[in-house]
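One-based numbering, in listed order, for ligands and for the atoms of each. Every heavy atom of this structure was used, including side-chain atoms; hydrogens, water molecules and symmetry mates were not. Since we're looking at a predicted model, the values are computed, not measured.
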Amino acid sequence: MSADAPARKELTAVKGTHDILPGEVEVWQRVEAAATRLFESYGYRELRAPIIEPTELFEKGTGETTDIVTKEMYTFVDKGGRSITLRPEYTPSVARAIVEHRLDLLGLPMRYYYIGPMFRYDKPQKGRYRQFHQMDVEVFAEKDPAVDAEIIEMADALLRALGVTETETLINSVGCRACRPAYSRALREAAALVRDRLCPDCQRKIETNPLRIFDCKIDGCREAAQTLPKISAFLCQDCRDHFAGVRAALDLYGLAYKIDPNMVRGLDYYTKTTFEVVNLSGGQQNAVLGGGRYDDMMKDFGGPDIPGIGFALGVERLVAMLSLPPEPRRAVYVVHMGEKARVEALRLARLFRRAGVETLVEYGSRGFKAQFSRANKVGAAWVLIIGEDELAKGLFKLKDMAAGTQIEGAPAELLAVVKGKP
Ligand code: HAM
């Protein structure tokens, strides 16, 4: 190294982001496969939107008074002078895609899901990351409260399918544009009386959007928020009926829930139903998933007047709750000795792989013993042995590493054994 070379800094992942390494990624794959299967069985189809969006999408959609838009977005100006944001959530992207492609005119059920990364510049801590992953589902053009219940039931079904039981489902109604203004006025007046107990941020929210005071995580603000009026006393008849319909449909499913009148969720677009599933032993970042109805977003985007409802599940938070037994590795390791055997090893590996069997070939020039120890190290379930004798006979040996037993046979027979063993 030359004297003036810069000191080497350790290269690590960006703060608040994390690698998902082999060993852990298998759990993610199983969770994603279970979710995809389940969502599709409820009529959802995947919709993949870009990671970057115009900043304006979230200002308009997520809401200009939310913590996400005021403090947490990764926003930059690109070389063309446009303000671009790494999506902090997915809901506005789906609504945008529908308006942009007029998916509402196709006459298909508008039920979409997506699994992918989101970005929020918040203080990283256990269960809270700057790049995290959501499973997002959204339904459009369905007004019936039974759909609200169905989506909550689907979330519950996913958690149960993965063996998660220590959760609680919270629901609320945050009203609509007809009844919320009166509530906001009452809230503003009541919050002004406890102004001194609120943090500077919440003091500002009294003027901008007093509903957002309920999002504050500071203890003093939380205590003060307990004294504020609740939305339930202000709901219009339509919102009351809708909420009663959601509860009746949940009862029909036999799904337990708790009404939490303070749960307004940190996004501006919600109307009527909001819900969350919380991890009962989850500490501070205990919301595994959250969602709600947003009947005005599409129209606010200049699109058709179509209601929406959906939820997003935090994959990191879900994975942290799982204890799935590891799936055994079914790999075959091909060991060989001599040049001809090496050629045969390559041929047989190809045959096994074509049949869908994970197959590794030894490439070092090691003795049989060293090759076996390597097969052990990589956790191979089987070792396929190709030596001079085997080549001469056209019959090969297959060792079951767990049982320690060995059989001999033609390649097709051995392949059938590997594939057939449960
Ligand atoms: P959200 O409550 O902001 O809602 O996020 C949904 C879930 O994403 C949370 O319950 C949590 O599990 C996970 N999550 C959020 N932020 C983080 C973070 N920094 N680190 C790790 N996990 C996190 C939404 O995003 C709405 N788009 C949900 C929705 C869909 N509403 C209607 N449709």
Side-chain angles (χ1 to χ4, degrees), residues 14-18 20 31 35 39 44 47 49 53 57-58 61-63 66-69 71-74 86-96 98 110-140 142 147-148 151-152 154-155 158-159 164 167-172 174 212 214-215 217 260 263-279 282-298 307-321:
V14 171
K15 187 175 177 190
T17 71
H18 60 104
I20 306 161
V31 167
F39 298 157
Y44 291 78
L47 187 157
E53 294 275 8
L57 178 73
F58 303 108
T62 311
T66 59
D67 284 351
I68 291 179
V69 171
K71 301 184 226 166
E72 298 171 5
M73 293 208 297
Y74 278 90
L86 299 188
R87 61 185 180 206
E89 59 146 341
Y90 202 62
T91 313
S93 296
V94 186
R96 177 201 48 71
I98 292 172
M110 288 201 284
R111 293 176 164 229
Y112 305 108
Y113 76 88
Y114 175 71
I115 305 172
M118 308 291 150
F119 305 84
R120 296 185 192 175
Y121 193 84
D122 201 353
K123 200 164 172 241
Q125 54 174 261
K126 189 168 174 277
R128 196 202 285 153
Y129 303 92
R130 290 183 173 166
Q131 176 177 332
F132 59 100
H133 298 76
Q134 285 188 341
M135 290 179 181
D136 183 275
V137 305
E138 312 287 353
V139 182
F140 295 88
E142 300 277 13
V147 175
D148 307 32
I151 209 168
I152 296 170
M154 183 173 78
L158 176 60
L159 296 177
V164 174
T167 58
E168 185 168 54
T169 302
L170 307 175
I171 64 168
N172 192 21
V174 293
R212 298 275 69 91
F214 289 105
D215 301 333
K217 290 153 198 145
D260 180 352
M263 192 196 48
V264 297
R265 309 245 321 115
L267 305 143
D268 281 351
Y269 48 67
Y270 290 122
T271 52
K272 297 194 166 83
T273 318
T274 52
F275 59 93
E276 262 179 21
V277 175
V278 295
N279 176 358
Q284 270 220 319
Q285 306 304 318
N286 66 350
V288 186
L289 65 92
R293 182 167 276 285
Y294 48 98
D295 289 349
D296 302 315
M297 188 190 289
M298 199 83 88
I309 179 165
F311 71 81
L313 175 149
V315 187
E316 281 81 359
R317 293 188 192 175
L318 173 62
V319 166
M321 293 176 76

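The NZ atom of K15 sits 6.5 Å away from atom OH of Y121, with the distance rounded to the nearest 0.5 Å.
Protein residues with a heavy atom under 4.0 Å from ligand 1 are E89, T91, R120, G127, R128, Y129, F132, Q134, D136, E138, R265, L267, Y269, Y270, A287, V288, L289, G290, G291, G292, Y294, G310, F311, A312, G314, R317.
Between I115 and H133, every side-chain heavy-atom pair lies at or beyond the 4.5 Å cut-off.
For D122 and R120, the salt-bridge test fails: no basic side-chain N is under 4.0 Å from an acidic carboxylate O. With respect to R212 and D268, a salt bridge is recorded, a charged nitrogen being found less than 4.0 Å from a carboxylate O.
Ring geometry, H18 versus Y129: the interplanar angle falls from 30° to 60°, so the pair is classed tilted.
Separation of the F39 and Y113 ring centroids falls under the 6.0 Å cut-off.
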